[in-house]
Amino acid sequence: MDERKSAAPEAFLKPYNPPDREPGILALWEKSGYANPDVMIEKGLTAKDAEAFSIVLPPPNVTGTLHMGHAAMLAIEDILIRYHRMKGFRALWLPGTDSAAIATQSKVEGEIYKAEKKTRHDLGREELLRRIDIFTDESKATIINQTKKMGSSLDWSRYAYTMDEKRYEAVMEAFVRMYDAGLIYRGDRIVNWDPKLQTTVSDEEIEYVEQKDPFYHFQYGPFVIGTVRPETKFGDKYVVMHPDDERYKKFTHGQKIELEWINGPITATVIKDESVDMSFGSGAMTITPAHDLNDFEIAKRHGLDIERVIDDRGILLPIAGEFAGQHIKKARSAIVEKLQSKGLVVKVDEGYTHNVATNSRGGGMIEPQIKRQWWLGVDREFTIEHSELQNIPSGSKTTLKKILRSVIESKEIQIMPERFEKIYFHWVDNLRDWCLSRQLWFGHRIPAWFKGDEVKVQKNSPGEGWEQDPDTLDTWFSSGLWTFSTLGWPEKTADLETYHPTSVLETGYDILFFWVIRMIEMSVSMTGQIPFRHVYLHGLVRDGQGRKMSKSLGNIIDPLTMIDKYGADAARLSLIIGAQMGNDVKLSEDRVRGYKHFANKLWNITRFILENTQGVSMKDGFDEHNEHDDALRTERRQLFADVDKLITEFRLDLAADKLYHYVWDRFAAEIIEDSKKVFKEGSEEEKTRRQQFLLHTLQWILKGLHPFMPFVTEAIWQELPEKESDLLMVAKWPV
RNA sequence: GCACCCUUAGCUCAGUUGGUUAGAGCGUUCGAUUCACAUUCGAAAGGUCGAAGGUUCGAAUCCUUCAGGGUGCACCA
């Protein structure tokens, strides 16, 4: 049927069709076990004493599905790993999944409620955890399979899950050690309370949402005070103003004033404090220390009474008098009405815009409360027993904040792009103690034991009569240990010795502060080592118009659909080329389609070369030591030198772009075109020389492109009659 | 309010120590194609490099101010 003189392998007679090839290639890689660096050494493909290059995969949620952000992360990390593996490094890319406590528990609770109309309290702790386990077991297969489809050469033999036995052990060990070192303490402080999920939330997880509310001005004795939250005002018996405020000169600090308030006459005390902004409103304010961080701090400074007004569910307490027992939402208007009837409402500004704290993890409004919780003190001095840091010697006294500054200032950890350093320092300087405990059931249970007033922090029960703290740890606590808990810590394993500190942490800039900071705190205080040498921050993947992808906009591009339609290679390239680190990527389907064409181009280049080199074997040295086509070879060498440099500088976008253009515009459009003439009119010697050049260069190209588009290059490699290794994945990077 | 980023062809973006005539992909228009290429090739059109000022022999690039877009953080009684 085919009339062409082709004797090239059958495979190349049809266009490259990714779905026909990708599953087979995946199976080949998986069977080889080459993603495991130990296998590489066993087979003699990597030297025993080779330098290590390691990346720990930022673990996706067990219950999640793959989205474009994950796809970008996987593409970038896989490129780095494949490149270093081919370069002869002991390359380890360690996979895992995250339990994502809050998100997972509320998801499962929601489903149970929908199906059975039962809450977690109906089920009980044990049953809920059992259900969550079933759910996570089922759904983790999804994310793992999707991850594999991207071509990720992860070492699955080292797979870790934040809730598996070893990681649980590491979390317990870390908590106890940090407590013993004095870093973790228990204390009554104001927390971000989520009345909906009935748990505390860390500062980082709070999202401020703009909201319009009426702003009330009330008469408070001789003062006018403003508020958007009349329902908190019952406990307000302190009125605070700036000491320099001329308007209130005649009032003295500590002065008592009798005045009429919501539920009758009260005695108010004047407090002078410099934190008051004189230019805001009347310059006088009342405070609610139990439900506001700033008010709490003022109260602590002056030793004032702190009384709760609202309970954990948002219900007013007896202090509210006739309003007690009402939910704050409903009580607000009734309270305003009452004040109105007493003639205490001076004026109401409608449409006052302010920011309201919400729980970004699917919760509701945040209601600050005072609670006894476990905290990680960022300014607490402790003795670091073992340290490998430049500026912090073993046995010295330091604080977590000092560590956080030191490792970046000394460049032991390099943040890329560099501009994020500024943001990092700003964040570190404003860092407050981290509230570790969560009133959730799913998570690592805090290893603290109570008996009456006694508290013991240790892994196992101290004995009869001791009860374990019912709370669990913030999910980021276990995430903070990730670089070393996955390598076997607290045991002194060979993996830990070889692969820690890891080479690169690659993640989205949006979680720099959730995660990166915590990893540094944990790693340095527990192992004395930095967790990673480079932090590579990728941008967010947006739609073609630069909008965030969201369900409501209907502009989500699903990576799996893209893989099915255009192949994983095209999906990878579309996320790499044009995606400078730290900048957002605009992705449109057209772009993905464009790179599918490129895979096909490569396919046809191969076909041409194989057709024109029938029966010709690659001559060692002939290509390298031939003075005639020197310009072509110099160009090729230069290309790889450039690509090498770009990859070491983490400019994967430019490296891929360079290869792309060489292959298409130079190699295919010019060199191959020219070869047609050579094969038609050239002398035998010229032909031979050109055949050798094409055969060799094809292999260079396949190697160069392999980290970026592993499938098509491996598929072609499998069809080559002559090659140095069974799999391109482990071929040697050209030097 | 403070900070950071972006603004270059119709669209998406390169252009990293300042150095010829500012580039690519997609799109558009015209043409070629018995050729490795359904997914090919060639060519053309398309730019006051956000604005203004400054430094310099020379500025898309460095500095200042401003405008528009985006993001983070803080405040909000």
Side-chain angles (χ1 to χ4, degrees), chain A residues 3-4 6 8 12-17 203-204 208 210-211 213 215-218 220 223-229 232-233 236 238-241 273 275-277 280-288 292-295 298 352-357 417-427 429-430 509-510 512-513 539-540 542 544-548 566 570 574 577-580 582-588 590-591 593-612 646 649 651 653-654 657-658 660-661 664-665 668-670 672-673 675-676 680 694:
Chain A
E3 293 170 29
R4 280 169 280 210
S6 164
F12 293 100
L13 298 180
K14 279 192 242 156
Y16 176 65
N17 187 32
D203 292 345
E204 288 70 26
Y208 290 92
E210 203 169 81
Q211 191 173 300
D213 279 306
F215 188 84
Y216 304 95
H217 299 263
F218 298 137
Y220 187 82
F223 309 101
V224 173
I225 57 146
T227 184
V228 267
R229 306 202 53 195
T232 64
K233 297 282 127 190
D236 291 12
Y238 301 103
V239 58
V240 190
M241 58 218 72
D273 191 281
S275 66
V276 176
D277 178 2
F280 190 91
S282 66
M285 65 175 188
T286 60
I287 55 168
T288 315
D292 183 281
L293 179 63
N294 292 312
D295 292 1
I298 292 172
Y352 170 74
T353 35
H354 61 142
N355 293 325
V356 186
E418 220 175 335
R419 67 186 148 90
F420 281 95
E421 281 189 4
K422 245 186 188 168
I423 304 175
Y424 173 94
F425 283 125
H426 183 252
W427 192 285
D429 290 340
N430 288 302
Y509 63 74
D510 50 332
L512 176 61
F513 311 108
L540 304 177
R542 296 169 178 279
Q545 289 147 58
R547 299 174 304 178
K548 262 192 185 165
Y566 309 111
S574 70
I577 295 183
Q580 199 182 156
N583 285 355
D584 293 351
V585 191
K586 289 185 190 126
L587 184 73
S588 63
D590 281 343
R591 267 168 53 97
R593 191 182 300 120
Y595 292 119
K596 185 190 176 183
H597 298 174
F598 182 54
N600 192 55
K601 186 78 185 173
L602 214 50
W603 196 249
N604 281 297
I605 287 170
T606 310
R607 175 175 165 186
F608 175 85
I609 293 173
L610 293 185
E611 277 176 2
N612 286 286
L646 288 167
E649 290 165 355
R651 288 307 303 265
D653 54 328
L654 297 182
D657 194 58
K658 213 160 191 130
Y660 177 97
H661 282 108
W664 200 311
D665 300 335
E670 293 172 6
I672 286 190
E673 281 311 312
S675 302
K676 290 176 188 168
K680 220 183 266 172
L694 293 179

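- Separation of the P atoms belonging to U64(B) and G69(B) is 23 Å when rounded to the nearest angstrom.
- Look at N294(A) and you'll find a side-chain N or O under 4.0 angstrom from OP1 or OP2 of C76(B).
- Put simply, R419(A) has no side-chain N or O that comes within less than 4.0 Å of OP1 or OP2 on C6(B).
- Counting only heavy atoms from C-beta on, W427(A) has its side chain closest to G72(B) among A24(B), U16(B), G72(B).
- A sub-4.0 Å separation between OP1 or OP2 of C41(B) and a side-chain N or O of K601(A) is present.
- Closest contact between the side chain of I605(A) and the listed nucleotides U40(B), A36(B), U39(B) involves A36(B).
- Look at K422(A) and you'll find a side-chain N or O under 4.0 angstrom from OP1 or OP2 of C4(B).
- In this structure, of A36(B), G15(B), A24(B), it is G15(B) that holds the atom nearest to the side chain of L654(A).
- Base contact: V276(A) has a heavy atom under 4.0 Å from a base atom.
- Scanning both residues, N600(A) and P15(A), for their nearest heavy atoms gives OD1-CA, 3.4 Å.
- Counting non-hydrogen atoms under 4.0 angstrom, A668(A) reaches a base of the nucleic acid.
- Of the candidates C35(B), A14(B), A38(B), A14(B) carries the atom nearest the R651(A) side chain, counting heavy atoms from C-beta on.
- Here E649(A) lies out of heavy-atom contact (under 4.0 Å) with every strand.
- Counting any heavy atom pair closer than 4.0 Å across all strands shown, I287(A) reaches no nucleic acid atom.
- Heavy-atom minimum distance, I287(A) versus M285(A): CG2-CE, 4.0 Å.
- In this structure, I609(A) reaches neither bases nor backbone, as no heavy-atom distance under 4.0 Å exists between it and the strands shown.
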